[in-house]
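Below you'll find the structure, written out as structure tokens, and then a few comments.
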2 protein chains.
Amino acid sequence: MKYNQVTIKDIARELGISPSTVSRALKDHPDISPQTKKAVNELAEKLNYQPNIVALSLRQSKTNTLGVIIPELVHFFFSTVISGIEDVAYSAGYNVIITQSNESLQREKTDIKALFNSRVDGMLISVSRETSSFEHIESILAKGVPMVFFDRVYENANSSTVIVDDLSGAKEATQHLIDQGCTRIAHLEGPPNLGITKQRLEGYIQALNDNKMPVQKDLIVSCPLGTIEEGKIAAEQLLKMPNRPDAIFATNDPAAMGAMQAIKEAGLKIPQDIAVVGFSNWFFSSLLEPPLTSVDQPGFEMGQEAAKLLIRQIEFKSKDNEDPAPETKVLKTRLIVRDSSLKKGKPKK
Amino acid sequence: MKYNQVTIKDIARELGISPSTVSRALKDHPDISPQTKKAVNELAEKLNYQPNIVALSLRQSKTNTLGVIIPELVHFFFSTVISGIEDVAYSAGYNVIITQSNESLQREKTDIKALFNSRVDGMLISVSRETSSFEHIESILAKGVPMVFFDRVYENANSSTVIVDDLSGAKEATQHLIDQGCTRIAHLEGPPNLGITKQRLEGYIQALNDNKMPVQKDLIVSCPLGTIEEGKIAAEQLLKMPNRPDAIFATNDPAAMGAMQAIKEAGLKIPQDIAVVGFSNWFFSSLLEPPLTSVDQPGFEMGQEAAKLLIRQIEFKSKDNEDPAPETKVLKTRLIVRDSSLKKGKPKK
DNA sequence: AAACTGACCACAATCGTTTGCGGAGATTCT
DNA sequence: AGAATCTCCGCAAACGATTGTGGTCAGTTT
């Protein structure tokens with residue numbers, strides 16, 4: 001847009017000097033006399049000169065912008081990740097462009113292309129539920145664009161990633177249910193393409209194994225979308241079993257929420273009849289009745305770490321013209337115990 | 001970042017023609033022969049040429065980017081507004097940069113400056129809770145940057161705005177409580193700087209007046225932050241009154257939620273003892289017990305309308321070099337009646 | 001007095017793309 | 001055949017900033 005922008009040329013014309021002198025004066029170059037510097041700075045101040053970032057970006061082949069692709073903004077977890085990213089990015093002098101894939105692979109493809117065209121300096125990506133092939137990512141990666149994946153990562157990539165320890169988080173959650181005396185623990189499994197789904201399932205299984213409890217196939221129900229509705233349907237199915245479970249560990253909070261609805265509608269009590277544990281600690285989870293026990297993921301911290309890794313990668317590359325070794329940051333989860341799982345009352349620890 | 005970018009020059013060199021010819025060939029200019037066009041397009045396809053948006057932006061003094069400033073991303077309402085904005089912006093060929101003020105005036109100032117420096121073509125703004133002076137906005141407005149305000153608007157500005165009809169939404173909510181037989185209706189008031197706070201209060205008052213009910217000062221309690229905690233404290237205060245209210249209409253859902261907590265902890269029943277109505281229809285509201293009656297704001301639509309207005313303004317201005325007349329779009333709210341307010345059972349309508 | 005040294009600044013190229021203008025060669029018209 | 005008309009393409013400037021190179025003028029050195 002052609003605002004009434006003040007450019008370096010305007011200052012130069014008004015002062016009867018050349019644009020290059022103005023440029024150098026503004027950055028305190030030793031070649032410029034103190035008087036000229038003073039005059040330039042004062043006029044720049046007076047006219048409220050702001051450098052044109054677009055011109056700068058073109059000149060330096062660097063936009064100082066990070067591109068972010070997330071599945072959906074409305075998820076509390078992803079919102080907090082964004083805040084973490086912005087926190088680090090801003091203080092390092094980077095802007096952030098956020099795009100949503102809406103859990104669609106097609107949209108993810110156009111997003112990544114749009115970000116590339118905008119010449120972002122790097123990308124932070126959490127893949128969609130549908131993403132099972134990765135050519136669209138590989139092709140951009142091949143062009144040398146720095147990328148960091150977070151939460152829902154592209155595992156085969158030779159890139160840095162930030163994840164939470166889903167496995168041990170799930171294990172801890174399941175162990176907690178076992179400690180509460182649950183013997184038939186069901187699991188609501190998530191979208192099949194995602195690594196986090198497998199990790200959470202694995203944590204559940206390990207906990208059972210550690211306690212010499214059998215893993216029963218019919219107690220594991222898939223919720224490929226991970227929505228409230230699916231959780232409800234899955235739980236209804238579980239409740240119809242002749243020997244119904246006495247606990248449900250869900251792959252995420254919405255599914256757990258759906259399960260709670262089904263349990264209550266069946267006239268059963270939480271946690272007395274069936275204990276429920278979720279994953280991600282959504283905003284609403286503490287507001288449910290009973291409040292939902294959940295595995296908290298440090299979203300803000302994840303955003304911070306991912307942005308830090310990416311910026312380090314960008315600046316390393318611009319110096320040494322080489323990619324730094326990829327790093328993987330694993331963040332700790334934290335089990336937030338609330339009433340939905342407390343059959344025995346608060347644990348002593 | 002200096003990816004392995006293919007430029008128009010690369011194509012020109014390889015084909016032994018000039019960059020200008022390549023440029024024209026790519027946009028099907030009549031001056032270029034069919035053979036040349038074919039050759040250029042095929043090579044561009046083969047090399048996967050993507051135009052450099054940064055160079056384009058500089059050349060045309062237009063970034064095709066909209067800047068957005070919202071108070072907080074984690075609010076369900078604002079997330080949906082963003083989705084509406086992206087929907088319209090993308091299909092019109094615009095990118096979107098989102099910034100959060102975190103309800104801080106200071107942050108809002110730096111955000112608006114950063115967006116200006118990025119040379120966005122226009123801005124979509126919802127002001128922070130703290131914003132009571134507007135010089136930072138005026139100074140950018142004076143430079144000719146198109147702006148559209150939404151939800152929390154800058155009223156004195158000579159700019160387009162998109163709001164919901166807070167007044168009639170609040171009136172409808174209050175009337176609904178009156179219809180349910182409530183006679184002592186309290187109001188939890190919101191942040192004092194915001195226009196929406198005043199409108200909602202005014203709707204509440206008008207509904208009382210319409211029904212010849214007295215407006216009692218002590219039934220109006222301020223929640224300057226509009227949080228769950230404040231709502232709880234405010235409700236506790238109301239419950240201690242000798243003649244306690246039989247209904248609470250809150251300026252937003254978190255405050256209503258807090259009130260519900262206080263009411264339940266006091267051993268009272270919702271809605272039998274005290275009916276509760278919120279505003280904004282947050283995601284969690286339908287999940288509460290009882291489900292919270294709330295005034296739904298069409299967030300997605302608001303985002304769409306705001307983006308449309310802004311883009312129209314941008315393109316009008318680039319043609320006629322004149323600002324179009326400011327427009328104000330008022331969207332209808334919709335009262336979502338749930339159990340938290342149903343003293344009498346479902347209304348017949 | 002000639003040469004040298006700084007201090008200070010301007011010129012011009014550059015990033016990638018667009019676009020007004022002009023120009024060479026082929027074709028058509030008179 | 002000469003002029004006019006097309007067709008098709010290249011030159012160069014421009015967007016706003018940065019930066020290597022070189023130049024002018026003063027003062028200093030031999």
Side-chain angles (χ1 to χ4, degrees), chain A residues 1-41 43-44 47-65 116-121 143 318, chain B residues 1-41 43-44 47-65 116-121 143 318:
Chain A
M1 196 81 294
K2 208 178 217 145
Y3 310 141
N4 307 330
Q5 288 186 46
V6 183
T7 76
I8 235 173
K9 293 184 186 175
D10 297 327
I11 298 180
R13 197 178 326 111
E14 188 139 343
L15 254 42
I17 56 181
S18 83
S20 46
T21 302
V22 176
S23 172
R24 279 187 255 252
L26 287 172
K27 38 193 29 132
D28 206 28
H29 192 284
D31 265 10
I32 308 299
S33 74
Q35 306 96 284
T36 312
K37 279 180 189 169
K38 186 155 175 288
V40 168
N41 281 308
L43 187 57
L47 300 180
N48 192 21
Y49 165 77
Q50 302 282 33
N52 185 321
I53 293 198
V54 178
L56 249 166
S57 298
L58 178 60
R59 176 68 223 258
Q60 321 201 318
S61 300
K62 184 161 194 308
T63 53
N64 279 294
T65 301
F116 175 73
N117 284 356
S118 295
R119 299 301 193 266
V120 294
D121 292 338
K143 303 206 184 225
S318 73
Chain B
M1 199 79 291
K2 209 180 217 147
Y3 310 142
N4 307 330
Q5 287 185 48
V6 183
T7 76
I8 238 175
K9 293 183 184 174
D10 298 326
I11 298 181
R13 196 178 326 110
E14 188 141 342
L15 255 40
I17 57 182
S18 82
S20 44
T21 302
V22 175
S23 172
R24 278 187 258 253
L26 286 172
K27 38 193 29 132
D28 206 26
H29 191 284
D31 267 9
I32 308 298
S33 74
Q35 306 95 283
T36 312
K37 279 180 188 168
K38 187 155 173 290
V40 168
N41 280 308
L43 188 57
L47 300 180
N48 192 21
Y49 165 76
Q50 302 283 31
N52 186 321
I53 293 199
V54 178
L56 247 167
S57 298
L58 178 60
R59 176 65 225 254
Q60 320 201 316
S61 300
K62 184 163 193 308
T63 53
N64 279 295
T65 301
F116 175 74
N117 284 356
S118 296
R119 297 304 192 264
V120 294
D121 292 337
K143 303 207 183 225
S318 72

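In what follows, every chain begins at residue 1, and chains take the letters A, B, ... in the order their sequences are listed.
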Could you list by number each residue of residues 18-29 of chain B showing a heavy-atom separation from DNA chain D of less than 4.0 Å, or answer none if no residue does?
B:Ser18, B:Ser20, B:Thr21, B:Arg24
Picking from D:dG10, D:dA17, D:dC8, the nucleotide nearest the side-chain atoms of B:Asp31 would be D:dC8
Check side chain to side chain donor-acceptor pair (under 3.5 Å) between A:Ser118 and all other residues, then give those that pass, not counting sequence neighbours.
B:Asn95
Can you list the residues that meet the side chain to side chain contact (heavy atoms under 4.5 Å, CB included) rule with B:Ala44, with sequence neighbours excluded?
B:Ile11, B:Leu26, B:Tyr49
Which nucleotide in D:dG16, C:dC8, C:dT17 has an atom nearest any side-chain atom of B:Leu58:
D:dG16
Between A:Thr36 and C:dC9, is there a contact of a side-chain N or O with OP1 or OP2 at under 4.0 Å?
yes
Check side chain to side chain donor-acceptor pair (under 3.5 Å) between B:Ser33 and all other residues, then give those that pass, not counting sequence neighbours.
B:Thr36
Would you say that A:Asn52 contacts B:Arg119 through its side chain, given a criterion of any heavy-atom pair below 4.5 Å between the two side chains?
yes
Can you list everything that forms a side chain to side chain contact (heavy atoms under 4.5 Å, CB included) with B:Ala39? Sequence neighbours excluded, please.
B:Leu15
Could you list by number each residue of residues 6-14 of chain B showing a heavy-atom separation from DNA chain C of less than 4.0 Å, or answer none if no residue does?
B:Thr7, B:Ile8, B:Lys9
Going by side chain to side chain donor-acceptor pair (under 3.5 Å), name the residues that satisfy it together with B:Ser20, two or more places apart in sequence or in a different chain.
B:Ser18
Rounded to whole Å, how long is the line connecting atom CD of A:Gln50 with atom P of D:dA17?
11 Å
Using whole Å, report how far CG of B:Asn52 lies from C1' of C:dT14.
14 Å
What residues, two or more places apart in sequence or in another chain, satisfy side chain to side chain donor-acceptor pair (under 3.5 Å) together with B:Asp28?
B:Lys37
Sequence neighbours excluded - salt bridge (charged side-chain N to carboxylate O under 4.0 Å, His left out) pairs with any residue from residues 6-26 of chain A:
A:Asp10-A:Arg13
Just N and O in the side chain of A:Tyr49: are any of them under 4.0 Å from OP1 or OP2 of D:dG16?
no
